[in-house]
Amino acid sequence: MTIRLYDTSARQIRDFTPLTPGCVSIYLCGATVQAAPHIGHIRSGLNFDIMRRWFAYRGYDVTFVRNVTDIDDKIIAKGRDQDRTWWSIGYENERAFNAGYDALGCLPPTYEPRATGHVPEMIEMMRGLIERGHAYEADGSVYFDVRSFPGYLQLSNQDLDDLRQPDEGVSGKRDPRDFAMWKATKPGEPDWETPWGRGRPGWHLECSAMAHKYLGSAFDVHGGGLDLIFPHHENEIAQAKAFGDEFARYWVHNAWVTMSGEKMSKSLGNSVLVSEMVKNWRPIVLRYYLGTPHYRSMIEYSEESLREAEAAFGRIEGFVQRATEKAGRTVPPAAEVPPAFAEAMDDDLGVPHALAIIHTTVRQGNSALGADDKDEAIARLAEVRAMLGVLGLDPLDPRWAEGSGGDEELHGVVDTLVRLVLQQREAARERKDWGTADAIRDQLTQSGLSIEDSPDGPRWTIANR
């Protein structure tokens with residue numbers, strides 16, 4: 001089946017046809033690094049990580065570009081408020097974003113360009129647009145003339161006569177609807193030399209120039225959050241196409257994480273930082289929580305929904321652990337995912353339906369374990385691992401396997417100690433000292449462990465909340 005994606009520009013799901021057979025090029029608007037990431041920021045990275053993984057599973061060679069906006073009004077303002085250099089604010093938060101992506105299992109991008117490293121490409125694009133009559137200089141700033149580009153606002157489906165551009169803190173526009181590509185220097189702000197005077201780049205110009213440099217004049221998919229459709233993506237399209245690029249052929253946008261019905265945002269004071277979340281929740285559970293709803297569906301954040309996600313993933317993980325123990329070895333993922341799973345993923349990355357296939361397979365596997373059908377349990381385990389791998393959720397993947405190095409040694413020590421206690425419990429049960437056996441189990445439960453009695457003996461896991 002052909003992969004199909006919802007294209008915002010077409011307002012419908014379209015069959016995906018790559019520019020180059022066997023290859024996929026993706027540009028994702030990444031972090032604006034004025035602050036540490038909240039889970040709404042990381043959701044976008046997760047959604048496109050799953051897209052990338054699915055394209056790779058389907059045999060495509062994927063080039064994935066995720067930029068860093070490291071110069072911006074908010075970054076400059078934050079540096080001024082904290083009496084710090086703007087670049088130290090940006091670098092600190094860029095590292096925080098990368099730590100968040102890594103913690104939740106996102107694959108590193110093919111390229112991760114910073115805006116400040118691509119000023120020459122921006123100057124080249126502005127020069128070309130001025131020469132073609134699509135841009136003009138005024139008071140040291142450079143503006144895009146929106147009336148010069150007939151296709152302007154087709155992505156966001158707005159009427160130019162009703163348009164109000166966001167305040168950019170600049171002056172000299174011929175038309176208030178024009179937008180700044182380059183902002184003239186101001187005292188105390190970073191600046192670069194251009195043919196039109198010193199200044200700094202506008203947000204929209206950065207992505208148009210970087211996409212052109214790394215993916216050429218045309219590429220397959222441009223991604224980002226719904227909030228970027230206007231003005232950012234609309235203005236990117238105008239610049240790139242007026243410059244002569246075909247630009248993106250599919251526009252894919254992920255929905256938000258909301259709190260009390262509002263978009264999660266630092267400015268609204270309703271954000272939940274990734275760095276705090278991973279202290280209280282296992283990163284693989286956070287990935288399950290943020291990555292398994294459909295990318296075009298809003299996620300309303302709550303502790304209760306997180307606990308539900310933890311319990312649901314726990315059922316999957318529990319089967320993987322039990323079936324692996326039954327097999328007596330690590331069972332590799334199946335070479336192919338089940339057809340129903342593939343069909344769901346091909347249909348606009350239908351992760352919720354694909355997840356239902358996983359849970360059905362887990363139930364079949366648990367039934368096989370209950371019937372002591374080892375071969376059937378192993379077959380279902382291989383399928384589950386293959387499907388989880390596509391979603392970046394395989395608990396036996398080295399990224400998620402319980403620790404490495406010192407953590408693995410610590411787990412071994414804990415396992416030895418717990419098994420000693422469990423042996424004491426078994427001895428108490430054999431002499432029918434049920435009070436002592438129950439007391440031992442209660443003490444282990446209070447310590448945060450879950451004890452399960454199975455035909456092969458007791459086993460322990462970290463208890464769900």
Side-chain angles (χ1 to χ4, degrees), residues 5-12 14 16-19 24-30 32 44 48 51 63-67 69 72 113 115 118 121-136 142-166 168 173 175-182 201-254 296:
L5 296 172
Y6 184 85
D7 180 5
T8 304
S9 60
R11 295 172 185 81
Q12 64 180 354
R14 297 173 54 204
F16 176 77
T17 304
L19 271 169
V24 177
S25 46
I26 303 172
Y27 186 94
L28 173 63
C29 282
T32 298
S44 180
F48 286 93
M51 172 191 283
T63 300
F64 182 66
V65 180
R66 184 183 68 210
N67 77 293
T69 297
D72 171 83
H118 297 80
E121 289 82 1
M122 299 178 205
I123 292 174
E124 178 185 356
M125 183 165 280
M126 285 189 288
R127 182 182 287 114
L129 289 169
I130 290 174
E131 291 173 353
R132 292 170 174 82
H134 293 293
Y136 58 92
V142 178
Y143 300 97
F144 187 91
D145 179 357
V146 298
R147 287 193 175 275
S148 73
F149 181 66
Y152 191 58
L153 300 180
Q154 287 184 358
L155 181 69
S156 57
N157 197 28
Q158 297 184 77
D159 188 325
L160 183 60
D161 291 333
D162 297 331
L163 180 67
R164 296 290 181 272
Q165 288 279 10
E168 297 178 296
K173 297 181 182 182
D175 187 311
R177 289 162 293 196
D178 296 343
F179 61 86
M181 302 174 65
W182 190 262
W203 177 31
H204 317 303
L205 176 64
E206 299 170 353
C207 285
S208 296
M210 288 187 286
H212 179 89
K213 177 178 178 63
Y214 290 94
L215 297 176
S217 62
F219 57 95
D220 291 307
V221 178
H222 195 311
L226 283 173
D227 52 320
L228 299 183
I229 294 175
F230 182 83
H232 187 48
H233 288 166
E234 196 72 76
N235 292 351
E236 278 189 65
I237 292 170
Q239 293 164 151
K241 290 195 171 185
F243 184 69
D245 288 354
E246 180 184 343
F247 210 48
R249 299 174 69 244
Y250 297 83
W251 286 86
V252 179
H253 292 92
N254 65 276
R296 290 193 284 122

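Given the structure is predicted, the values throughout are model-derived calculations rather than measurements.
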Can you name the residues that form a ring pair (Phe, Tyr, Trp, His ring centres under 6.0 Å) with Tyr143, not counting sequence neighbours? Tyr136
[atom2] on [Y] to [atom1] on [X], rounded to 0.5 Å:
X	Y	atom1	atom2	value
Tyr214	Thr63	OH	OG1	13.0 Å
Asp7	Gln12	CG	CD	8.0 Å
Ile26	His222	CD1	NE2	12.0 Å
Met126	Ile130	CE	CD1	7.0 Å
Leu205	Ile123	CG	CD1	9.5 Å
Gln158	Tyr152	CD	OH	8.0 Å

Only counting residues at least two apart or in another chain, list the ones meeting side chain to side chain donor-acceptor pair (under 3.5 Å) with Arg177. Asp175
Compare every heavy atom of [Y] with every heavy atom of [X], then report the nearest pair and how far apart it is.
X	Y	value
Pro18	Asp220	CA-OD1, 3.5 Å
His118	Pro113	CE1-CB, 3.3 Å
His253	Gly225	CD2-O, 3.4 Å
Ser25	Leu215	CB-CD2, 3.8 Å
Ile229	Thr8	CD1-CG2, 3.9 Å
Leu228	Cys29	CD1-CB, 3.6 Å

CA sep, side-chain torsions, deciding dist, call: Leu155, Phe230, side-chain contact (heavy atoms from CB on, under 4.5 Å): CA-CA 8 Å; Leu155 181 69; Phe230 182 83; over 6 Å; no
Tell me whether the centres of the aromatic rings in His204 and Phe144 are closer together than 6.0 Å. no
Between Asp161 and Arg147, is a salt bridge (Lys or Arg N to Asp or Glu O under 4.0 Å) present by the stated rule, with each step listed? CA-CA 10 Å; Asp161 291 333; Arg147 287 193 175 275; 3.5 Å; yes
So Glu246 and Ser217, side-chain contact (heavy atoms from CB on, under 4.5 Å) or not? Walk me through it. CA-CA 6 Å; Glu246 180 184 343; Ser217 62; 5.7 Å; no
Could you check whether any side-chain N or O of [X] sits under 3.5 Å from a backbone N or O of [Y], counting only pairs where one atom can act as donor and the other as acceptor?
X	Y	value
Asp145	Ala135	no
Asp178	Val146	yes
Glu234	Ser156	yes

Show, in sequence, the C-alpha distance, side-chain angles and deciding distance for Met51 and Leu5, and conclude whether the side-chain contact (heavy atoms from CB on, under 4.5 Å) test is met. CA-CA 10 Å; Met51 172 191 283; Leu5 296 172; 4.2 Å; yes
Which residue pairs pass the salt bridge (Lys or Arg N to Asp or Glu O under 4.0 Å) test with at least one member in residues 121-133, sequence neighbours excluded? Glu121-Lys213
Identify the residue among Phe243, Phe219, Tyr27 that makes a ring-ring contact (aromatic ring centres under 6.0 Å, His included) with His212. Phe243
Is Arg14 positioned over the aromatic face of Tyr250, cation under 6.0 angstrom from the ring centre and no more than 45 degrees off axis? yes
Heavy-atom count around Arg11 CZ within 6.0 Å, excluding the residue itself: above 12? yes
Test side-chain contact (heavy atoms from CB on, under 4.5 Å) on Phe48 and Val252; report intermediate values, then the result. CA-CA 9 Å; Phe48 286 93; Val252 179; 4.0 Å; yes
